[in-house]
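So the structure is just underneath, and the comments pick up after that.
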Amino acid sequence: MTAGPLVGVLAVQGDVREHVRALEACGATTRLVRRPAELDDLDGLVLPGGESTTMDRLLRAFDLRDPLREALAGGLAAYGSCAGMILLADRLLDGVVGQQTIGGLDVTVRRNAFGRQVDSFEGDLDVVGLDSPVHAVFIRAPWVEQHGPAVEVLARAHDHPVMVRQGRLLASAFHPELVGDHRIHRLFVDLARS
Ligand code: GLN
């Protein structure tokens, strides 16, 4: 492949533009995804931060949820940030009544988990595979409460996993797209390319 991988950004709600900018800085070609056909031929997909309850409603209204499930089951690489991490979780705690996820990651995620302690905070986080800490911004973020054996924990905060990987799925509770440090997007672009 001479051009970078083609990475979609789920564009129903949330901080879509920031992810597009970070992905393109890492050499990916990007495509906004709002319809099932826009999933065709993607090497990877980013599920941005935003509001998971709104995204869930829109995904179902746009008939995107089942095609997304199928694409992930078929091996599409995906990276979910914050609300995107919630969407990728197989199990959800503290969702609103009727809230569904797309699933794929064998994790139980607690929504707005840090809200009980601090609503939003920033901090330097060690991430497995990166040689210096990442400045992580958490905004009403979830954390991983429980995970299966196939899930690798890449970073922790407040004693809980906040970045995980399982096969071609990557998720972080924080927002690397907001800080101008593209190392996490680069990890994902490499994953999508592989
Ligand atoms: N609390 C939000 C939710 O439940 C996630 C926040 C975020 O993406 N920054 O979807």
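Ligands are counted one by one from 1 in listed order, and the atoms in each one are counted from 1 as well.
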### Query
Can you find an N or O of His175 that's nearer than 3.5 Å to an N or O of ligand 1?
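Among all N and O atoms of His175, at least one is under 3.5 Å from an N or O of ligand 1.
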### Task
Report yes if some N/O of Ser52 lies less than 3.5 Å from some N/O of ligand 1; otherwise report no.
yes
### Query
Is the backbone N or O of Ala192 less than 3.5 Å from a side-chain atom of Asp43, with the two atoms forming a donor-acceptor pair by type?
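No, Asp43 side chain to Ala192 backbone: no donor-acceptor pair under 3.5 Å.
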#### Entry: Basic-acidic side-chain contact under 4.0 Å: Arg186, Asp190
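Salt bridge absent between Arg186 and Asp190.
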### Message
Between Arg65 and Glu70, does any side-chain N to carboxylate O distance fall below 4.0 Å?
### Response
no
### Query
Which option out of Gly14, Gly95, Gly80, Gly50 puts a heavy atom nearest to atom 5 (C) of ligand 1?
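Looking at heavy atoms only, Gly50 sits closest to atom 5 (C) of ligand 1.
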### Query
Counting heavy atoms only, which part of Arg111 comes closer than 4.0 Å to ligand 1: side chain, backbone, both or neither?
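Within the 4.0 Å criterion, Arg111 contacts ligand 1 through side-chain atoms alone.
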Pull out every atom of ligand 1 sitting under 4.0 Å from any heavy atom of [X], numbered as shown with elements.
X      : answer
Gly49  : 8 (O)
Asn112 : 1 (N), 2 (C), 4 (O)
Glu51  : 2 (C), 3 (C), 4 (O), 10 (O)
Ile139 : 6 (C), 7 (C), 9 (N)
Ile86  : 3 (C), 4 (O), 10 (O)

### Query
Out of Gln13, Gln99, Gln100, which residue meets the side chain to side chain donor-acceptor pair (under 3.5 Å) rule with Ser52?
Gln99
### Query
Could you go step by step and tell me if Glu38 and Arg35 meet the salt bridge (Lys or Arg N to Asp or Glu O under 4.0 Å) rule?
CA-CA 5 Å; Glu38 288 159 348; Arg35 294 181 191 79; 3.0 Å; yes
#### Entry: Qualifying residues under ring-ring contact (aromatic ring centres under 6.0 Å, His included), relative to Phe138, sequence neighbours excluded
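For Phe138 the ring-ring contact (aromatic ring centres under 6.0 Å, His included) partners, ignoring immediate neighbours, are Phe114, Phe121, Phe174.
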### Query
Tell me, which protein residue and heavy-atom name are nearest atom 7 (C) of ligand 1, and how many Å apart are they?
Cys82 SG, 2.8 Å
### Task
Tell me whether Leu6 is reachable from Leu10 by hopping between hydrophobic residues (I, L, V, M, F, W, Y) whose side-chain heavy atoms are closer than 4.5 Å.
yes
### Query
How about His160 and Glu145: does a side-chain donor come under 3.5 Å of a side-chain acceptor?
no
#### Entry: Met55 near ligand 1 by a heavy-atom separation under 4.0 Å
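No, Met55 has no heavy atom closer than 4.0 Å to ligand 1.
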